[in-house]
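The block underneath contains the structure these notes are about, expressed in structure tokens.
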Amino acid sequence: MKRLLLLLLSVLCCCCIYAQRTAVVTANATYEAPLNMSPIEAEYEAVRHAQINAIAREFGTIVTSESHNYMRENNSTSSDDFFSYGEMDVRGEWLETIGDTIWQPARREGGMVVYDVKLKGRIREIVSTPPDVHYTFMYNGTDPKLNRMRNSTFYDGDQLYFNFSSPVDGYLALYLVDHNNSMTTQRLLPYPVQSDGAYFIKADTTYTFFSEPDAEPFVKDSMIELLLGCESDHDFNQFYIIFSPNQFTRANDHKTADIDCRQLPPSTDYASFQKWLSRNRRRDKDMFVEKIVVAVVKP
């Protein structure tokens with residue numbers, strides 16, 4: 001009996017050693033945005049910096065980031081748009097935001113606009129490596145070498161394609177958050193007629209979504225094609241790429257009324273989507289989530 005008890009205690013100790021720690025933290029950031037950065041981009045960057053700072057204090061982190069200028073031209077004018085993004089080699093991840101995000105009024109200082117943000121959230125230590133998935137957003141063609149996303153920017157009327165592969169079997173979901181007043185969140189994958197929680201991905205297989213010639217036989221008659229549009233001269237959207245080796249159910253979305261004979265993807269409100277995503281991330285330590293902000297502009 002003593003030997004058995006010692007063995008059980010050893011197993012429990014091992015589990016504790018490799019368990020992922022979680023913590024509730026307060027995150028703060030002051031972000032200085034250039035004048036040509038939109039408020040949506042600036043707020044996104046401020047929140048991202050606050051979350052990274054909080055994770056760094058709790059678990060440690062290595063941060064690398066890049067910034068790009070995107071030049072837009074037409075027959076008479078040209079404009080230079082700023083966009084920045086980062087790849088964070090962190091030892092933790094932000095699982096969910098708790099309560100409201102608190103903003104101080106934005107203020108001008110010299111040639112910058114300063115944003116101060118404070119939020120509270122639950123973070124988790126990363127002790128395992130997520131699947132090394134590969135993906136590419138493409139426009140007006142399915143050759144990744146010729147039709148990659150234009151430096152995080154699409155044009156109004158572009159047809160969207162999505163290329164994805166994984167080294168392991170798993171399940172994929174793709175959502176699009178429209179940064180309009182209601183922050184509508186549309187489910188792009190699995191396809192609208194699919195009842196599955198996520199799209200099954202076979203290891204070492206390259207998938208090209210929203211392309212009828214590349215569609216698998218069981219979805220060829222029911223897949224959708226995507227055309228991107230914008231209401232203003234410069235709209236912003238956010239893609240959520242969600243993948244896990246473990247099966248998960250989709251968010252509780254509903255069919256959206258068609259507009260001008262166009263089929264719209266099923267949608268849900270942003271708050272419900274975030275609650276669904278937070279629950280799944282808390283339960284699934286292997287879930288990969290990538291958030292990408294893109295601009296849709298009029299040519």
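In this chain, residues are counted from 1 in sequence order.
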Main-chain N/O of Ile102 paired with Asp100 side-chain donor or acceptor, under 3.5 Å: no
Verdict with reasoning, Glu216 to Tyr199, per side chain to side chain contact (heavy atoms under 4.5 Å, CB included): CA-CA 11 Å; Glu216 295 188 274; Tyr199 197 102; 2.5 Å; yes
Short side-chain to backbone donor-acceptor contact, Glu41 and Ser38, under 3.5 Å: yes
Test item: Met287 and Phe248 side chains (from C-beta on) under 4.5 Å apart, heavy atoms: yes
Candidate pair Leu35 and Val113, rule side chain to side chain contact (heavy atoms under 4.5 Å, CB included), full reasoning: CA-CA 6 Å; Leu35 296 179; Val113 180; 3.6 Å; yes
Polar contact flag, side-chain donor to acceptor under 3.5 angstrom, Ser267-Asp253: no
Under 3.5 Å: donor-acceptor pair, side chain of Asp284, backbone of Arg281: no
Which atom of Met37 lies closest to which atom of Tyr31, heavy atoms considered: CE-OH, 3.5 Å
Check: Ile242 main-chain N/O paired with Tyr171 side-chain donor or acceptor under 3.5 Å: no
Heavy-atom donor-acceptor pair, Ser278 side chain to Trp276 backbone, under 3.5 Å: no
Any donor-acceptor pair under 3.5 Å from Lys118 side chain to Thr101 backbone: no
Heavy-atom donor-acceptor pair, Lys291 side chain to Gln238 backbone, under 3.5 Å: no
Shared hydrophobic cluster for Met112 and Val117 (ILVMFWY, side-chain gaps under 4.5 Å): no
Heavy atoms of other groups near Asn140 CG, more than 12 under 6.0 Å: yes
Check: Ser244/Asp286 side-chain N/O donor and acceptor closer than 3.5 Å: no
Hydrophobic cluster membership, Phe164 vs Leu146, 4.5 Å side-chain cutoff: no
Lys202 with Asp169: basic N within carboxylate O range, under 4.0 Å: no
Main-chain N/O of Tyr191 paired with Gln194 side-chain donor or acceptor, under 3.5 Å: yes
NZ/NE/NH1/NH2 to OD/OE distance under 4.0 Å, Lys275 and Glu96: no
CZ-CG distance between Arg279 and Leu95, expressed to the nearest 0.5 angstrom: 13.5 Å
Closest contact, heavy atoms only, Ala106 versus Tyr115: CB-CE2, 3.9 Å
Aromatic ring pairing Tyr139/Phe154, orientation class (parallel under 30°, perpendicular over 60°, tilted between): perpendicular
Gap between atom CG of Leu172 and atom OG of Ser166 - 0.5 Å precision: 9.5 Å
Exercise: identify the closest heavy-atom pair between Ala33 and Ala42: CB-CB, 3.8 Å
Lys/Arg N to Asp/Glu carboxylate O, Arg250 vs Asp196, below 4.0 Å: no
Shortest non-hydrogen separation from Phe243 to Val168 and the atoms involved: CZ-O, 3.8 Å
Side chain to side chain contact (heavy atoms under 4.5 Å, CB included) assessment of Gln247 paired with Phe200: CA-CA 9 Å; Gln247 195 166 6; Phe200 176 71; over 6 Å; no
Polar contact flag, side-chain donor to acceptor under 3.5 angstrom, Tyr240-Gln274: yes
Other residues, nucleotides, ligands: >12 heavy atoms within 6.0 Å of Arg283 CZ: no
Nearest non-hydrogen partners of Leu188 and Ile224, listed with the distance: O-CD1, 4.4 Å
Trp103 side-chain N/O to Glu43 backbone N/O, donor-acceptor pair under 3.5 Å: no
Ring centers of Tyr175, Phe273 separated by less than 6.0 Å: yes
Donor + acceptor pair across side chains of Thr184, Asp178 (<3.5 Å): no
Hydrophobic cluster identity match, Ile292 and Phe288, side-chain contacts under 4.5 Å: yes
Phe162 and Phe137 aromatic centres sub-6.0 Å: yes
Shortest non-hydrogen contact from Trp94 toward Val25: CZ3-CG2, 4.0 Å
